[in-house]
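Just so we're on the same page: letters track the sequence lines, and every chain starts at 1. The structure presented is a predicted model; accordingly, all values stated were derived computationally and were not measured.
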Amino acid sequence: MARPKDLDTLPDRLLAWYDRHARDLPWRVSPASRADGNRPDPYRIWLSEIILQQTTIPHGTPYFQAFTDRWPTVEALAQSRDEDVMTAWAGLGYYARARNLLKCARDVVALGAFPETEAELQKLPGIGPYTAGAIAAIAFGQRAAAVDGNVDRVFARLLALKGDWAAEKKVIAASVRALVPEERPGEFAEALMDLGATVCTPTRPNCPACPVADMCRARAEGVPERYPIKPAKGVARVRQGVVYVLVEGDEIMLVRRPDKGLLGGMLALPTTDWPKMGVPDAAPPASARWKTVGEVRHVFTHFTLTLTVQRGTLKGKRPDGLWTPIRDVEGLPTVFAKAFRLATSGA
DNA sequence: AAGTCGGGGCA
DNA sequence: TGCCCAGACTT
């Protein structure tokens, strides 16, 4: 794959910049510490990469601390109960990550250790092209590329890529792979991501602070923030449903959602479905005197959900469910936490 | 190749 | 409101 000759000095210049400007992150071994012979812990690198998939560092960091405090090793995590991991993950989103996290931990324990190559890592659940490259490079010093959203943006600008975004992303991946240095491949990956996160930012890139600004075609064109050029998204979709807060005494009825699909495997309140079109069929979990207490609105990636919150006090026989003292409720995904708060606050 | 899958922060 | 964030998996 051909690449502009003028990117040849990028790795050395980027690593020199990284030596002075690396972010200090809980799972990371700094350049100075690496110089002292310290190496990243593959378990912590893997865990941080899974947590940070499509997740900001401020949001993910407290979860990383909580997970490593409670499960300091992959062996400890592999032995934990599924419900405990799902509860610890509640609020982070993309819950398939939590299910795959546990599967992966158990696979790794069965293997005896984390595999060290990109290809072997990518066979594990929850580890795709980006994460495999990141772990191989950062934890095992392999010459692998880790192309995340930051790196896509940095290279879209460096090369001023104007074509179809899906096709340009392949150009970027090939360009980055060709540039990964033999020495310090992991720090090269970290440096590219730091550059994107702190200098080559989405809306207001700080080009004067960029160590490779002179190589940047978007900078030369004068409007670097115009890149990357992505296709417009479709019209926003809206759905609606009903969520039921069924109470008896000081206990509330919860349910466990099926593993597949939206909020899979998570603790939840009973609901109707929320069809793509029209209104849902009423599906209260028991016959009771239901009163509407309000609505909650929640934005998912590809639709906005409005749930009517109905509250009922049970008089007859309890339906099957996870009846839980109201004060002990934890581990609900955010949309249900909103409904729970609405129905139990001041009422 | 296109859809699905969360949640929070910010312009 | 729309976009972004250390993307992966399913169809």
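For A:Arg153 against A:Gly196, the heavy-atom pair with the smallest separation is NH2-O, 2.8 Å. Contact record, A:Val242 with A:Leu307: N-CD2, 3.9 Å, taken as the closest heavy-atom pair. Taking all atoms of both residues into account, the shortest heavy-atom contact from A:Arg97 to A:Ile50 is NH1-O, 3.1 Å.
Aromatic rings of A:Phe300 and A:His298 (six-membered ring for Trp) have centroids within the 6.0 Å cut-off, being under it.
A:Gly60 comes within 4.0 angstrom of nothing in the nucleic acid, heavy atoms only. Looking at heavy-atom distances under 4.0 Å, A:Lys276 makes contact with sugar-phosphate atoms alone, never a base. A:Pro58 comes within 4.0 angstrom of no nucleic acid atom, judged by non-hydrogen atoms across all strands.
Hydrophobic clustering (side-chain heavy atoms under 4.5 Å, transitive across Ile, Leu, Val, Met, Phe, Trp, Tyr) keeps A:Val296 apart from A:Val238.
When the P atom is used for both C:dT10 and B:dG6, the distance is 14 Å, rounded to whole Å. Remark: the separation of the P atoms in C:dA6 and B:dG3 is 25 Å, to the nearest Å.
Here the P atom of nucleotide B:dG7 and the CG atom of A:Leu332 are 11 Å apart, to the nearest Å. Rounded to whole Å, atom P of B:dC5 lies 18 Å from atom CG of A:Leu92. B:dA2 atom C1' lies 17 Å from atom CH2 of A:Trp165, rounded to whole Å. As a whole-Å value, the separation of A:Arg237 CZ from B:dT4 C1' is 14 Å. Atoms CZ (A:Arg97) and P (B:dG7) sit 10 Å apart, rounded to a whole Å.
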For this session: Assign a letter to each nucleotide of nucleotides 2-11 of chain C from its 5' end: B, base within under 4.0 Å of a protein heavy atom; S, sugar-phosphate only; -, no contact.
Result: -SSBBBSS--
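Counting only N and O atoms by type, the side chains of A:Gln53 and A:Tyr130 include no donor and acceptor under 3.5 Å apart. For the residue pair A:Arg341 / A:Ser345, no side-chain donor-acceptor distance below 3.5 Å is found, with atom types taken as modelled.
Residue A:His298 places no side-chain N or O under 4.0 Å from the OP1 or OP2 atom of B:dG6.
Looking at which nucleotide of DNA chain B each of A:His59 and A:Ala166 is closest to, the 5′-most match is held by A:Ala166.
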